[in-house]
Protein chains: 2
Amino acid sequence: MPENKKYNIEVRVWIEETEGAFLGIGKIWLLENIRKTGSITNAAKEMKMAYRQAWQLVEEMNQRAEKPLVEKLLGGKGGGGAKLTEAGEKAIAVFYEIEKRIKEFAQKETQNLKF
Amino acid sequence: MPENKKYNIEVRVWIEETEGAFLGIGKIWLLENIRKTGSITNAAKEMKMAYRQAWQLVEEMNQRAEKPLVEKLLGGKGGGGAKLTEAGEKAIAVFYEIEKRIKEFAQKETQNLKF
DNA sequence: CATCAGTATTCATTTCAAAACATACTGAAT
DNA sequence: ATTCAGTATGTTTTGAAATGAATACTGATG
């Protein structure tokens, strides 16, 4: 392959736990939207995702993390809502940091991409 | 999150071209099976994949690479077949090399995985 | 004690990509 | 000129995952 075309390396990063995939960019976006909107319902709307799906992802995250990432508030004024725990905030930060480092490394590897 | 659970980082690597994803581990496996079996038909069987799908993947690869990765032989003794071109062989080697480096780097990052 | 908006949960419906099926086409070899 | 196995390509089926719709539950607040 001569080099009139340009190729570049893409990378998808996620965190696994004994039972399988635990935290990837999709769940991170969900966490961020929960932080932004204060509820799973509105986070889901924001992302044009079904509430049911969003709720399940939150369940999954919470069960598989050491400590819940999302605190859910039932009933009360405004019906309740959801907010990130400290662990949730930390998870976002850690994920992005690691993802950034890996993507930067991958970018450097692009120069080895000679067919 | 304290640390009784163990988490680890996973990474998926692929190569993009202007029109989108061009070459990932799935197509690499297909290439390897074509090399091994000498035809798209048998490579597909090996992978329990539909011939049609395998054929389409080969088309896509060939069109988006600078030079075809797979040479297809039509008719003749045994009906024809398919074999890797030099570019195809190179693609496998380059892909694995880059993937290996990125995965090793990602592995090192696991130690930064403190929640 | 009725309201309200969000959580929790079940069940039916849709979507859409992969697989399965069907059918021509190719060309060396006999 | 028939055979044969693989390529080429259109059409139909199917199955899993996402969505949508429906319903009960929660609890602070007025």
Side-chain angles (χ1 to χ4, degrees), chain A residues 12 14 19-65 67-85 87-88, chain B residues 12 14 19-65 67-85 87-88:
Chain A
R12 189 89 150 65
W14 71 96
E19 328 248 326
F22 158 61
L23 191 62
I25 190 64
K27 291 205 190 102
I28 292 292
W29 284 337
L30 178 56
L31 289 178
E32 291 179 304
N33 277 302
I34 288 171
R35 172 168 59 191
K36 178 178 163 194
T37 65
S39 76
I40 298 177
T41 295
N42 289 319
K45 276 176 191 154
E46 197 87 2
M47 303 172 74
K48 290 165 201 278
M49 161 188 284
Y51 167 78
R52 186 190 157 58
Q53 166 81 338
W55 179 87
Q56 280 173 337
L57 292 176
V58 169
E59 274 305 288
E60 206 183 298
M61 274 190 270
N62 278 353
Q63 277 165 23
R64 292 162 104 181
K67 294 174 177 173
L69 305 186
V70 175
E71 182 183 353
K72 290 178 284 181
L73 314 163
L74 246 193
K77 171 192 173 179
K83 54 181 288 198
L84 300 194
T85 61
Chain B
R12 189 89 150 68
W14 71 95
E19 328 247 327
F22 157 61
L23 192 61
I25 189 65
K27 291 207 190 100
I28 292 292
W29 284 337
L30 179 56
L31 290 179
E32 291 180 304
N33 278 303
I34 288 170
R35 172 168 58 191
K36 179 177 162 195
T37 65
S39 76
I40 298 177
T41 295
N42 289 320
K45 276 177 190 155
E46 197 87 1
M47 305 171 74
K48 289 163 202 278
M49 161 188 283
Y51 166 78
R52 190 174 204 301
Q53 165 81 341
W55 179 86
Q56 280 173 341
L57 292 175
V58 169
E59 273 307 287
E60 207 183 296
M61 272 189 272
N62 278 353
Q63 277 165 24
R64 292 161 106 180
K67 293 176 178 172
L69 305 186
V70 176
E71 182 184 354
K72 292 178 285 182
L73 313 165
L74 245 194
K77 171 193 172 179
K83 53 181 289 201
L84 299 194
T85 62

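Every chain is numbered from 1 and lettered A, B, ... according to where its sequence line falls, protein lines coming before strand lines. Remember, it's a predicted structure, so these values are computed and weren't measured experimentally.
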Whole angstrom value for the distance that separates [atom2] of [N] from [atom1] of [X]:
X	N	atom1	atom2	answer
Gln56(A)	dT19(D)	CD	C1'	11 Å
Met49(A)	dG20(D)	CE	C1'	15 Å
Glu60(B)	dA8(D)	CD	C1'	16 Å
Leu30(A)	dT7(C)	CG	C1'	14 Å
Trp55(A)	dA5(C)	CH2	C1'	18 Å
Tyr51(A)	dA24(D)	OH	P	16 Å
Lys48(B)	dA20(C)	NZ	P	11 Å
Lys45(B)	dG6(D)	NZ	P	6 Å

Do [X] and [Y] come within less than 4.5 Å of each other through their side chains, counting heavy atoms only?
X	Y	answer
Thr37(A)	Glu46(A)	yes
Glu71(B)	Leu73(B)	yes
Trp14(A)	Arg12(B)	yes

- Task: Identify whether any heavy atom of Gly80(A) sits under 4.0 Å from a base atom; if not, whether one sits that close to sugar-phosphate; answer base, sugar-phosphate or nothing.
- Result: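 Counting heavy atoms under 4.0 Å across all strands, the contact made by Gly80(A) is with sugar-phosphate only.
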
Worksheet entry | Distance test, side-chain N/O of Thr41(A) to OP1/OP2 of dT7(C), below 4.0 Å |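 Yes, within the criterion.
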
Fill in: Short side-chain N/O contact to dA8(C) OP1/OP2 from Lys72(A), under 4.0 Å
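So the side chain of Lys72(A) is within the cut-off, an N or O lying under 4.0 Å from OP1 or OP2 of dA8(C).
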
Selection from [options] that lies nearest to any side-chain heavy atom of [X]:
X	options	result
Ser39(A)	dG6(C), dA8(D), dA8(C)	dG6(C)
Asn42(B)	dA8(C), dG6(D), dA8(D)	dG6(D)
Arg52(A)	dG10(D), dT19(D), dA8(C)	dT19(D)
Lys77(B)	dA29(C), dA8(C), dG20(D)	dA29(C)
Leu74(A)	dT9(C), dG6(C), dA8(D)	dG6(C)
Ala50(B)	dA19(C), dA8(D), dG20(D)	dA19(C)
Ala82(A)	dT7(C), dC11(C), dT9(D)	dT7(C)
Gln53(B)	dG6(D), dG6(C), dA19(C)	dA19(C)
Ile40(A)	dT7(C), dT9(D), dG6(D)	dT7(C)

| field | Most 5' of Gly81(A) and Gly76(B) on DNA chain C, judged by nearest nucleotide | value |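 Between the two, 5'-proximity favours Gly81(A).
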
Inset, instruction - Kindly compute the distance separating CD1 (Ile34(B)) from CG (Asn42(B)), expressed to the nearest 0.5 Å. - result: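 CG of Asn42(B) is found 10.5 Å from CD1 of Ile34(B).
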
query = In a check of side chain to side chain contact (heavy atoms under 4.5 Å, CB included) between Leu31(A) and each of Val58(A), Leu57(A), Leu69(A), which one passes?
reply =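 Of the listed residues Val58(A), Leu57(A), Leu69(A), the side chain to side chain contact (heavy atoms under 4.5 Å, CB included) partner of Leu31(A) is Leu69(A).
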
Is the shortest distance from a Lys or Arg side-chain nitrogen in Glu19(B) or Arg64(B) to a carboxylate oxygen in the other one below 4.0 Å?
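Result for this pair is no, no salt bridge flagged.
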
